[in-house]
Each structure stands twice: as C-alpha cells, then as structure tokens.
Participant: 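Got a structure for you, written out below as structure tokens; questions coming shortly.
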Amino acid sequence: MIKIAVLGYGTVGSGVVEVLDKNCEIISKRVGEEIKVSHVLDLRDFPGDKVSEILVHDFEDILNDNEVRIVAEAMGGIEPAYTFAKKSIESGKHFCTSNKELVAKHGAELIEMAKAKNVNFMFEASVGGGIPVLRGIISSLRQENIEEITGILNGTTNYMMTRMDNEGIDFDDVLKDAQNKGYAERNPEADVEGYDACRKIAILSSLAFGKQVNYEDIHTEGITKISTLDMAYAKKMNRTVKLLGTSKKVGDKVSAMVAPFLVDAASPLYAVNDVFNAVLVKGNMLGDTMFYGAGAGKLPTASAVVADVIDIACNLDRNIPIIWDKDKLGLTEYENIVNDYFVRVSDEDGKAADKVYGAFDEVEVVDEPLDKEYAFIVRQMSEGDFNKLLAKIDNVLNVIRIK
Ligand code: NDP
Ligand code: HSE
C-alpha cells in the first residue's frame, strides 16, 4: 500500500480524494498496489465528512510520517505551498500540485531539488485542468523542436465569454456563476485580468523551450474590456473572441503574450467553448497537434492530479527527468511583438475615416460598422509602432488582436 497526503480539501483536494476512492479498483490494478489517502491537511474541520478521521491541521504530522511517500497539494498560493513542497522533497517525499502560481514561480527550482533527492515534482493539473498536455509535451513530444504554443488556457473566462456571447448574460452574473461552479481562482481577478493564463503560458513555454520564462515578463491583458458589441463584430467577420496565451519562436527569441484575440472560424480554437481549454502545439516535424478538454472544475482537475500520483507511484524509486533549466529564456520585447489588429473608433461626427488615414498609411476597412462607429484592421505591425500611430486617434473604443 502506498500512502499519500492531500494538502487542501477545497474544490480540487476533495476531488482528489473522490477520484482515488471511486476509481480505487482500477487504479490499484494499474499501479499494482493500493493507493491510500492517509492524511488530509486543511485549515477547517469537516464535521460529518468521512475525511474527518484522517484530517490534520499541522503539516508536520505529514512530514514526520515516514510512510507517506507522496504529497498532493491543492491549497493554492505561494505560501505555505512552497515551504511544504521544499520540506516534502527534502525529506524524500514525492510532491505533485495543481498550483500554477507555485509552479510558474518555483518550478525550475523544485524540479532541480526533486532530481537531487531522486524523487518527483509533478504538476500536470497546473495547466489546462484535466487535459494531459504537460505529459504530452514532456514525454510524447520529446523528439520535436517546438515552434509555437497557443492556447485557450483559462476555463473561467472561456466559460464567461461563451455565455456572454450565446446568451447575452452580464459580465458580473456570469462570473458569479463560474465561481459557484468552482472554476474561478480565489481572487477571480487572476482569471479575468489574464494573470492565470499568463502563468500557464509561462509554464508551457518553460517546458517546451527548456528554460525559465518569468510570467512577469509576459505582456498580459484580460477580458474586462471585451463587450457584447465586440462579439457582434467578431460574428460579422466570421470570427469569435478568445483569451489566448501564445508563445512562438521568432529568430533566437520567443514572442509571448496573453490577450483577447479574434479567432477565425477555420481555427480549431474557434469551437472551444464553455469551461473547455485547448492547447495547440506546433512541432517542427509533427506540425500542429491540439490537446483539448475540461480546463477547470473539481473532478477533471483532480483527475490530472491523480494521474501524477499514479505516475509517481509507478516510479517511486526514480526521478522522471523534466527539462526546465533555471536560465532565463530570451523573450521578444513587447514593443517588437508583431500582430494584426482590429480597431473600433467612434464616428459620431463622421470624421473617423479622416483621422484614421491621418494616422495609418494602410488599413482594411470593415464594411457596415455597428452603432455609428468606424472599424478597421491593421496588418503585421509591431506593438510599439501600432501604439504610436493609434495614439494619434482620439476616439478609439477598443482594439482586439487577430490570430
Ligand atoms: P479552494 O479554495 O477550493 O481550496 C483550497 C483549500 O485549501 C481550502 O479548503 C483552503 O481552506 C485550504 N487551505 C488554504 N490554505 C491552507 C493552509 N495553509 N493549510 C491548509 N489548508 C489550506 O481552491 P481550489 O481547490 O479551487 O484550487 C486549489 C489549487 O488548484 C489552486 O492553486 C488553483 O489555482 C488550482 N487549480 C484549481 C482548479 C479549479 O478548477 N478549481 C483547476 C486547476 C488548478 P480555507 O477554505 O479554509 O481557506
Ligand atoms: N481558474 C482556473 C481557470 C482554474 O478557470 O482556468 C484552472 O486552472
């Protein structure tokens, strides 16, 4: 029997206990041994829940129990998760986590520590919820030179935008709904401002390109400026609006960004709706491949954590190599990132076209604009140049990049 401890008995942690319980038979068969949750750590008590028998409030109870081989963390936040991860690994316990904040900030260090201690640090659930995308990159795409990763990486915002688009539901109401469903972060600003997607594209890029990508260095915009009118324009152009995390090799650097993009109906990302996430990976030999599935939620995320637990249980005496060096990857400076842009300007006075042509040499005009507006597209311009020219127009309503 292999004993594991679960840290945090919230949405994901309680899901981990449930998955291990409900699929106990099949998991034991596949591992060759039973996996038993011997401790659950949380701040609260859970009277009446069968977990109360194994509930602890002091992490030292877990650390000092030599029979606990695997620690699965689902508390969230940097501290005390970081300290618990280090202490677990130092004491020879394997550690897995769904906590992207922890992984994005300390992943390289914890991977190195785990290697030195011949244990494993795994984090499948930290990107794409239940989608086995990290395992795909780490093991199935080892032969590839990865050129680009673009994904819908946040379930909450994709769920929100799908419902806002299909049902015209108000931003705040649909956010509350996502929170009730257990999709959102404790502070949902992380979802709607794009910070969560930013951590995930930083993790994906670090794994794909093998070096540290600091999420603080990635230009990030959320969905708070996206209106139903933007979505109506998108429909007119046979597109939809998606919050994308994208990271692409350009020369000897990587160009990375998180922002809402207009996605064409021909793209496989177009039909990714609700809480689903998808990650498109382009390999130099394979071409495009897409990982798709539930990007958040109790059981899908817990399933990914348990996938790590099983992988670890099958490799208790060896470290499975993960290449993610501490050296920083060179990122393209924000000003030099090249994009296409869709721009809406107010045209109450009928003079918008003059102003636009006074600023930009060449634009594609969008026919039949909505609501007394003027709308146009600018192709292949760096963010720096585009912003300089856009600043010459005083009545800009919104800008959305085009994928
Ligand atoms: P929850 O807030 O639902 O659960 C966290 C649990 O951990 C709570 O019960 C909390 O207790 C407990 N906890 C917090 N701090 C401590 C501590 N110091 N000691 C012991 N227990 C503690 O969060 P989620 O389950 O939603 O998320 C957990 C992690 O998984 C986060 O990093 C999140 O980003 C990540 N994640 C979440 C997904 C989702 O769909 N929800 C999907 C993928 C990843 P209390 O409530 O009393 O503070
Ligand atoms: N809040 C996150 C999301 C959870 O909505 O995608 C999954 O990482």
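Read the numbers this way: they start at 1 and go in the same order the structure lists the ligands and their atoms.
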Participant: Can you figure out which of Pro300, Gly297, Ala178, Ser98 has its heavy atom closest to atom 29 (C) of ligand 1?
Facilitator: Ser98
Participant: What pairs of residues pass the salt bridge (Lys or Arg N to Asp or Glu O under 4.0 Å) test when at least one of them lies in residues 377-386, not counting sequence neighbours?
Facilitator: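 Checked against salt bridge (Lys or Arg N to Asp or Glu O under 4.0 Å) - neighbours excluded - the pairs reaching residues 377-386 are Asp340-Arg379, Glu364-Arg379, Glu383-Arg401.
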Participant: Regarding atom 9 (O) of ligand 1: of the candidates Val6, Thr301, Asp42, which has the closest heavy atom?
Facilitator: Asp42
Participant: Looking only at distance, does Gly295 have an N or O less than 3.5 Å from an N or O of ligand 1?
Facilitator: no
Participant: Only heavy atoms of Asn99, strictly under 4.0 Å: list the atoms of ligand 1 that pass.
Facilitator: 32 (O)
Participant: Do any heavy atoms of Pro80 fall under 4.0 Å from ligand 1?
Facilitator: yes
Participant: Nearest protein heavy atom to atom 2 (O) of ligand 1, by residue and atom, and its distance?
Facilitator: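 The answer is Arg186 NH2, 2.8 Å.
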Participant: What atoms of ligand 1 come within less than 4.0 Å of a heavy atom belonging to Ala296?
Facilitator: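 Matching atoms, with element in brackets: 40 (O).
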Participant: At under 4.0 Å between heavy atoms, is it the side chain or the backbone of Asp196 that contacts ligand 2, or both, or neither?
Facilitator: side chain
Participant: Got an N/O contact under 3.5 Å between Asn277 and ligand 2?
Facilitator: no
Participant: Of all the atoms in ligand 1, which lie at a distance below 4.0 Å from a heavy atom belonging to Ala125?
Facilitator: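 Matching atoms, with element in brackets: 43 (C), 44 (C).
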Participant: Got the closest protein heavy atom to atom 15 (N) of ligand 1, with its distance?
Facilitator: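 Looking only at protein heavy atoms, the one closest to atom 15 (N) of ligand 1 is Leu43 CD1, 3.8 Å.
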Participant: Please report the C-alpha distance between Lys326 and Glu109 in whole Å, then the side-chain angles of each, then the deciding distance to 0.1 Å, and finally whether the salt bridge (Lys or Arg N to Asp or Glu O under 4.0 Å) criterion is met.
Facilitator: CA-CA 7 Å; Lys326 280 178 173 171; Glu109 178 196 355; 5.9 Å; no
Participant: What protein heavy atom sits nearest atom 6 (C) of ligand 1, and how far away is it?
Facilitator: Gly10 N, 3.6 Å
Participant: Under a 4.0 Å heavy-atom limit, does Thr156 contact ligand 2 with its side chain, its backbone, both, or neither?
Facilitator: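 The part of Thr156 near ligand 2 is both the backbone and the side chain.
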Participant: Would you say CG of Asn180 has more than 12 non-hydrogen atoms from neighbouring residues, nucleotides or ligands within 6.0 angstrom?
Facilitator: yes
Participant: Does a side-chain N-to-carboxylate-O contact under 4.0 Å join Arg135 and Asp311?
Facilitator: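 Yes, this pair counts.
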Participant: For atom 37 (C) of ligand 1, state which one of Val12, Asn154, Val127, Asp58 supplies the nearest heavy atom.
Facilitator: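 Ranked by closest heavy atom to atom 37 (C) of ligand 1, first place is Val12.
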Participant: A cation-pi test, strictly: NZ or CZ of Lys86 under 6.0 Å from the centre of the six-membered ring of Tyr82 and no more than 45 degrees from its axis. Yes or no?
Facilitator: yes
Participant: What I want to check is whether the side chains of Ser227 and Asp230 have a donor and an acceptor closer together than 3.5 Å.
Facilitator: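 Note: Ser227 and Asp230 side chains meet the donor-acceptor criterion.
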Participant: Non-hydrogen atoms of Gly295 versus ligand 2: any pair closer than 4.0 Å?
Facilitator: yes
Participant: From atom 5 (C) of ligand 1, work out which of Ala74, Gly76, Ala184, Gly13 has a heavy atom at the shortest distance.
Facilitator: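 That would be Ala74.
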Participant: Thr11 versus ligand 1: do any nitrogen or oxygen atoms come within less than 3.5 Å of each other?
Facilitator: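 There is such a contact, yes.
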Participant: For atom 2 (C) of ligand 2, what is the nearest protein heavy atom, given as residue, atom name and distance?
Facilitator: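 Its nearest protein heavy-atom neighbour is Glu185 OE2, 3.2 Å.
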Participant: Could you check atom 47 (O) of ligand 1 against the protein and tell me its nearest heavy-atom contact, residue, atom and distance included?
Facilitator: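 Nearest neighbour among protein heavy atoms for atom 47 (O) of ligand 1, to 0.1 Å: Arg44 NE, 3.0 Å.
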Participant: Do Arg30 and Glu25 sit within salt-bridge range, that is, some charged N less than 4.0 Å from a carboxylate O?
Facilitator: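 Here Arg30 does not pair with Glu25 in a salt bridge, since their nearest N and O are not under 4.0 Å apart.
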Participant: Between Glu185 and ligand 1, which part of the residue brings a heavy atom under 4.0 Å of the ligand: side chain, backbone, both or neither?
Facilitator: side chain
Participant: Quick one: do Lys253 and Glu333 make a salt bridge, cutoff under 4.0 Å?
Facilitator: yes
Participant: With heavy atoms of Gly182 as the reference, note each atom of ligand 1 found under 4.0 Å away.
Facilitator: 39 (C), 40 (O), 41 (N)
Participant: How close does the nearest protein non-hydrogen atom get to atom 6 (O) of ligand 2, and which residue and atom is it?
Facilitator: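 Sorting protein heavy atoms by distance from atom 6 (O) of ligand 2 puts Gly155 N, 2.7 Å first.
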Participant: Pick one of side chain, backbone, both or neither for how Tyr9 approaches ligand 1, counting any non-hydrogen atom pair under 4.0 Å.
Facilitator: backbone
Participant: Please determine whether a side-chain nitrogen of the Lys or Arg among Asp274 and Arg163 lies less than 4.0 Å from a carboxylate oxygen of the Asp or Glu.
Facilitator: no
Participant: Quick one: does Lys200 get an N or O within less than 3.5 Å of an N or O on ligand 2?
Facilitator: yes
Participant: Is it true that a side-chain atom of Lys105 and a backbone atom of Arg199 form a donor plus acceptor pair closer than 3.5 Å?
Facilitator: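 Checking the backbone N and O of Arg199 against the side chain of Lys105, no donor-acceptor pair under 3.5 Å is found.
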Participant: Is the closest side-chain donor-acceptor distance between Asn214 and Gln212 under 3.5 Å?
Facilitator: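 The answer is yes; a qualifying pair exists.
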Participant: Inspect the contact between Lys355 and Asp349 and indicate whether a charged nitrogen and a carboxylate oxygen are less than 4.0 angstrom apart.
Facilitator: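 Salt bridge present between Asp349 and Lys355.
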